[in-house]
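Just so we're on the same page: letters track the sequence lines, and every chain starts at 1. Computed from a predicted model, the values in this text were never measured in an experiment.
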Amino acid sequence: MPELPEVEVTKRGLTPLLLGRTVNQVNIYNPNLRYKISESLKNIQGHKIVKISRRAKYIIVETDGGGDFVIHLGMTGHLKVIAASSRLVKHDHYEMILDNDTVLRYNDPRRFGAIIWTDKSPLELTVLRKLGVEPLTDDFNEQFLYSKLQTKKSNIKQTLMNNEIVVGIGNIYASEILFSCRISPLRTASSVTFEECKSLVKEVKSILTNSIAQGGTTIRDFSQVDGKPGYFVQNLLVYGKDGKPCPCCGESIQHMVQGQRSTYYCKNCQK
DNA sequence: AAACACCCCTGCGGGC
DNA sequence: TGCCCGCAGGGGTGTT
């Protein structure tokens, strides 16, 4: 479900609701997520949340002495902060009861998400350590991208989704970005020119930023912390549009599979 | 090293 | 109506 914009929107929604709150109690209802939830997550009980940040598609939460934890939403994970008296619903897997009669609950039907506690620097966790650059920082620029692409034999679409190069670009935005740049997803990464890298960098930043501003993309079940959907779905030009006319030339949008994931593109516009 | 197939899990929509 | 199939925005593993 969530790519970088959806995770960023979630982080921004959570921040005012969690910052400065003390976690009174942690309850784990089903520990079987992507990694088994460690009981040591309960070390945060009695501690105050002092910082919330994001790295790639992970939300990082730090406490004042109870250790830190990182949350990943997988494909179908949701976080919500609601009245502590609210009843549990199907697929609520863990919760943190806060000191103001609210509770942070994690719901995830497919259980591809994760929550990892650590008493070290979260950035040193295995899952975070080998990640590539953040797309919305200056480290992600045309020189950087061009140098990375030159050594890659795989196609440009899967390379854009390679988190060891640049993080946060998932399956929806990869198709959208390539369409905006008029680059075929079938092209080898190494065939992408420096000029095209400039265009890719510009569109990655612009599309992700616009999506964040509109609350992310809701296709099936993403929702913001307040329960509202993301409105960027209205801006999608090719994703999920197979058979529909290309907004640029009117030709039929094509669908294909790359690396077991759907790709959408316009054969006519993207070369 | 890098590319690829396959796996984790539940729910939903389409076809019959 | 119900059943079966394929598919879904994530990442990890094991094989070549």
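Which of B:dT10, B:dA3, C:dA8 sits closest to the side chain of A:K152 comes down to B:dA3. Candidate nucleotides C:dG10, B:dA5, C:dC7 were compared by shortest atom distance to the side chain of A:S262, and C:dC7 ranks first.
Look at CD on A:Q260: it is 12 Å from P on C:dG9, rounded to the nearest Å.
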Restricting to nitrogen or oxygen on both sides, can you table the protein-nucleotides 12-15 of chain B pairs closer than 3.5 Å?
none

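When heavy atoms are screened at a 4.0 angstrom cut-off, A:Y239 is found touching the sugar-phosphate backbone but no base atom.
Both thresholds, 5.5 Å between centres and 30° between ring planes, are not jointly met by A:F112 relative to the base of B:dC9, so the two rings are not stacked.
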Give the dot-bracket string for DNA chain B, reading 5' to 3', where a pair is Watson-Crick or G-U wobble with both distances under 3.5 Å, ( ) marks pairs inside the strand, [ ] marks pairs crossing earlier ones, | marks a partner on another strand, and . marks unpaired.
-> .|||||||.|||||||
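Ring geometry for A:H255 against A:Y264 counts as tilted: the plane angle lies between 30° and 60°, on a 0 to 90° scale. Classification of the A:Y106-A:H93 ring pair by plane angle, with boundaries at 30° and 60°, yields tilted.
No side-chain heavy atom of A:Q234 sits under 4.5 Å from any side-chain heavy atom of A:L236. Within the 4.5 Å cutoff, the side chain of A:N141 has no heavy atoms near those of the A:L145 side chain.
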Which letter, B, S or -, goes with each nucleotide of nucleotides 11-16 of chain C from 5' to 3', with contact meaning a protein heavy atom under 4.0 Å?
-> BS----
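Side chain A:R111 to base B:dC9: no donor-acceptor pair is found below 3.5 Å.
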